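Order of the sequence lines fixes the chain letters, A, B, ..., with proteins taken first and strands second; residue numbering starts at 1 for each chain. Not measured: the values here are computed from a predicted model.
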2 protein chains.
Amino acid sequence: MATQVVNAVQKLIPVDKTFCDLPPAIADAVEQAALTTSYPTGAVLFAEAQAPRGVFIVRRGRVKLSICGSDGRTLILRIVNAGCPLGVAAVVSGRQYEATAETQEPSEISFLRQNDLVRLMRLHGEFALWVTQHISQDYASTCREIRDLILSDSASEKLARLLVGWLDQNTTSKNPSQVKLALTHEEIGQMIGSSRETVSRLLAGFKKQHLIQQTGSTLVIPDRLALESLITA
Amino acid sequence: MATQVVNAVQKLIPVDKTFCDLPPAIADAVEQAALTTSYPTGAVLFAEAQAPRGVFIVRRGRVKLSICGSDGRTLILRIVNAGCPLGVAAVVSGRQYEATAETQEPSEISFLRQNDLVRLMRLHGEFALWVTQHISQDYASTCREIRDLILSDSASEKLARLLVGWLDQNTTSKNPSQVKLALTHEEIGQMIGSSRETVSRLLAGFKKQHLIQQTGSTLVIPDRLALESLITA
DNA sequence: ACCGGTCGGTGATGGGGATCACACATCGCT
DNA sequence: AGCGATGTGTGATCCCCATCACCGACCGGT
């Protein structure tokens, strides 16, 4: 609820890789202007409706982006991995942060002040393009979110879609039909816009239909197509 | 509505104003690369999931942006007025158009090919910044849309919010509590994610509570605060 | 071991709105 | 006028899911 921005750990951290996939010259310029710090789990980088101070670029870790309705319910927009800038839209448009960003694990995050971002964008069209590409992806992803959440509406469909989406992200794992379950039922509910209980019941139903198996925090999806068949509904 | 349908689609149109609020030098560069044409009502500039060809910049008129769910239902994202670029996210990210754009009245629209857009952005950081600002606004508006549509959910709340939003856009009219109703109930339903019948019933209810009055296609909202009181819900 | 907190399962209940099914109005067209 | 197309009003029905309520499991701290 009333979480506050953690300003505790301000230690400078050397980051090995060049800045994402930017040309070295520009990456250096960005690197010089940015301040990279380390955050513990649960740190709030910025909160919805705050005035923008600058952008955060995730160098390592995972950050949860969420928005909060007037009734107090929460919707998780997406989980952001390393390489992505956060809060760009707010900084560029000068309006307030459009969501709340909270680390989900210890993370290293670069901070770039508003002035520096705009200055660098004006200076390097290439950098501006990079920034724009990321916002574009965010925009596209948000549009998909809208389509999936509003125009579907059986909750089981949304859950199935979420699980299949997780499968797609798991190109890293050796076992491609396996998913590490890093979210609580409540959080899953916040991702698909439904209640904790519904998620519980749906997952139980999926198990009963042998669409998924769960051992500990590991989900196994033996038949991906069966799950996908729920989506066309 | 159809007084005189302009069907000379490929006719070049001289546009009086400089390009939105861009510096003249850049505006000229953009103007040279762009092709401005005239469209009748109902023209589809691009459709969801098409491969991007370029961006469209609305010079005059109104364009409806919508997305379409797997079940065939439609959600109207927003109505875009003059001055706004369309389809930028798709072009910049190289993915498909994220929505469908359709003119709602005879409009003049500039087209800028993908290559030219990227070239101009790379060349003029200022232009890239302008583009980015517009996407940022789109992104913010989409986030608001998500919050309003998913985290609220009484339909009456959404409708009230829509009406109040229309009031805010009407700074032009002499009578500030008056709204021209340019959408059918079906389209209103598509804006708030509910069915035509629900919109009908809700509007009837609002009238019965004297929250709105309707004569022809003109809505009068005598007590804005009363409507707003429905929103906190 | 005791306890407080977070998490997960599951029943019962109720309501909001989608959906179906009409009827009526309006408008443009031939 | 006559006719289709389109938009609107309203009743009846039904079902999904939010919500309330409660219980058991697990985990860390003292």
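Between Leu203(B) atom CG and dG7(D) atom P the separation is 16 Å, expressed in whole Å. Atom CD in Glu186(B) sits about 14 Å away from atom C1' in dA5(D), given to the nearest Å. Regarding Ile150(B), its CD1 atom lies at a distance of 16 Å from the C1' atom of dA18(D), rounded to whole Å. Note: CD (Gln214(A)) to P (dC7(C)) measures 15 Å, nearest angstrom. The distance between atom CD of Glu197(A) and atom P of dC20(D), rounded to the nearest whole Å, is 9 Å. Distance, Ile192(A) CD1 to dA18(D) P: 8 Å, rounded to whole Å. To the nearest angstrom, C1' of dA18(C) lies 12 Å from NZ of Lys158(B). One interatomic measurement links the two molecules: CG of Leu183(B) to P of dG7(D), which rounds to 11 Å at whole-angstrom precision.
Remark: Thr198(B) is in phosphate contact with dA18(C), judged by side-chain N or O atoms under 4.0 Å from OP1 or OP2. OP1 or OP2 of dT10(C) has not a single side-chain nitrogen or oxygen of Lys208(A) nearer than 4.0 Å. One finds a side-chain N or O of Ser200(B) lying less than 4.0 angstrom from the OP1 or OP2 phosphate oxygen of dG9(D). Listed pair His185(B) / dT6(D) fails the phosphate criterion, with no side-chain N or O lying under 4.0 Å from OP1 or OP2.
Using a cut-off of 4.0 Å between Lys/Arg side-chain N and Asp/Glu carboxylate O, Lys64(B) and Glu187(B) are scored as salt-bridged. Classification of Arg196(B) and Glu186(B) as a salt-bridged pair fails, no side-chain N sitting under 4.0 Å from a carboxylate O.
Distances from the side chain of Ala155(A) to the nucleotides dC17(D), dG9(D), dG17(C) place dC17(D) closest. You'll find that the side chain of Ser195(A) is closest to dA18(D), out of dG9(D), dA18(D), dG9(C). For Thr184(B), the side-chain atoms get nearest to dG7(D) when compared with the rest of dG9(D), dG8(C), dG7(D). Comparing dG9(D), dT19(C), dA18(D) by their nearest atom to the side chain of Ser194(A) picks out dA18(D).
Taking only distance into account, the side chain of Arg201(A) meets the base of dG11(C) through a donor-acceptor pair shorter than 3.5 Å.
Inspection of the Thr215(A) and Thr218(A) side chains reveals no N or O donor paired with an N or O acceptor under 3.5 Å.
Judged by closest nucleotide on DNA chain C, Arg196(A) is the one of Leu202(B) and Arg196(A) placed further toward the 5' end.
Using a 4.0 Å heavy-atom distance criterion, Gly205(A) is classed as making no nucleic acid contact.
For the pair Ser107(B) (side chain) and Thr103(B) (backbone), a donor-acceptor distance under 3.5 Å is absent.
Between Phe46(B) and Tyr97(B), the angle of the ring planes stays under 30°, which puts this pair in the parallel group of the 30/60° scheme.
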